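Here is the structure we will look at, set down as structure tokens.
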Amino acid sequence: MGTTHDNVVGLVLAVSSSVFIGSSFIVKKMGLIKAASNGKRAATGGHSYLFEPFWWLGMISMIGGEIANFAAYAFAPAILVTPLGALSIIFSSVLAHFILKERLHIFGVLGCALCVVGSTTIVLHAPHEKDIHSVKEVWELATEPGFLVYICVVAVAVCVLIFRFVKSHGQKNMMVYIGICSLIGSITVMGVKAVGIALKLTFEGMNQFIFFETWLFTVVVIGCCLTQINYLNKALDTFNTAVVSPVYYVMFTSFTIVASVIMFKEWAKQDASQIATELCGFVTILSGTFLLHRTKDMGNRPSEVHSSSDPLQCPDNTKTPQTSEI
């Protein structure tokens with residue numbers, strides 16, 4: 001890992017984000033379980049969880065995690081920050097084992113171990129972040145031919161998916177919704193990184209909000225986030241969450257790394273062995289993530305399978321929309 005101060009700060013923020021977000025799922029679920037025992041379940045349209053302190057504590061924890069994740073992009077390269085999002089899965093799985101008594105079987109432990117090994121590999125070989133002294137420099141990077149081509153490819157692909165395949169295949173193939181979310185998500189992260197850098201420089205005494213580029217990046221982030229959340233909710237509402245989550249994580253992280261490499265040229269100063277090691281770390285994290293999700297109910301008694309599921313998710317394939325982490 002680059003030993004720069006910014007990389008270390010970004011790493012701490014990214015890990016803190018995973019801790020807060022991973023914990024939030026458990027705390028919110030405690031509130032949902034308590035609310036379900038006193039009223040109508042959230043999965044059947046009830047809103048009694050809004051009166052549960054635990055649910056609100058979980059929401060506050062999630063918001064804190066998202067803020068830390070947002071800030072991490074201002075300090076460290078996306079290739080370091082984005083894959084570390086998988087650590088939230090570990091924290092939620094471990095806490096669920098001890099607090100909610102949802103058994104973490106041997107394959108779950110192996111999945112957690114793979115995520116830790118992969119994350120460590122990426123952290124140790126993450127590239128140095130390029131020094132940026134103005135949001136105008138980020139704008140110059142975003143308007144270089146290579147990234148403009150990437151934006152055009154993403155725009156065309158998203159338009160084709162939305163106007164050609166959503167109506168005909170959206171309810172049958174989850175890759176339609178997830179593809180839209182992942183492609184747009186990669187642009188979202190680049191915008192988030194630009195706004196994060198602008199805020200960081202502003203707090204250091206160099207006001208970046210006098211430049212129209214900062215506001216343009218902000219508009220891009222808001223627009224992309226709203227579109228991304230809309231189609232992710234459609235995916236979660238239509239397909240099994242246990243399948244959607246890992247596939248979305250893989251595609252979103254992959255496209256984000258591609259976008260970051262093109263825009264910020266993070267691999268330009270690294271040799272082939274360092275790049276290969278980072279990719280191996282990424283694949284290791286993906287393997288751990290899939291293992292955790294695909295085997296999460298293994299070892300549970302049939303009567304425990306539904307009780308160990310998220311209370312927000314109805315039995316069978318009827319689920320209420322959920323929001324996501326960027």
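Values reported hereafter were calculated over all heavy atoms of this structure, with side chains retained and with hydrogens, waters and symmetry mates removed. The shown structure was predicted, so the numbers you read here are calculated from the model rather than taken from an experiment.
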Test item: [X] side-chain N/O and [Y] main-chain N/O as donor-acceptor pair under 3.5 Å:
X: K136; Y: Q208; value: no
X: T238; Y: A235; value: no
X: S17; Y: L13; value: no
X: Q270; Y: H125; value: yes
X: S186; Y: L183; value: yes
X: Q274; Y: D271; value: yes
X: S24; Y: I21; value: yes
X: T82; Y: I257; value: no

Name the orientation class of the two ring planes belonging to Y231 and Y177 (parallel below 30°, tilted from 30 to 60°, perpendicular beyond 60°).
->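 Rings of Y231 and Y177: tilted, 30 to 60°.
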
Parallel, tilted or perpendicular: which fits the ring planes of Y248 and F252, with parallel below 30° and perpendicular above 60°?
-> parallel

Are V258 and V153 joined in one hydrophobic group, where the rule is that I, L, V, M, F, W and Y side chains link up if heavy atoms are under 4.5 Å apart?
->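 No; tracing contacts between hydrophobic side chains, which count when under 4.5 Å, never links both residues.
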
Assess whether atom [atom1] of [X] is packed by more than 12 heavy atoms of other residues, nucleotides or ligands within 6.0 Å.
X: F147; atom1: CZ; value: yes
X: F203; atom1: CZ; value: no
X: F264; atom1: CZ; value: yes
X: D131; atom1: CG; value: no
X: W215; atom1: CH2; value: no

Measure the CG-CG distance between N207 and L201 for me, rounded to the nearest 0.5 Å.
->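 Answer rounded to 0.5 Å: 10.0 Å.
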
Which residues pass the side chain to side chain contact (heavy atoms under 4.5 Å, CB included) test with L226, sequence neighbours left out?
->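 L226: side chain to side chain contact (heavy atoms under 4.5 Å, CB included) contacts with I222.
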
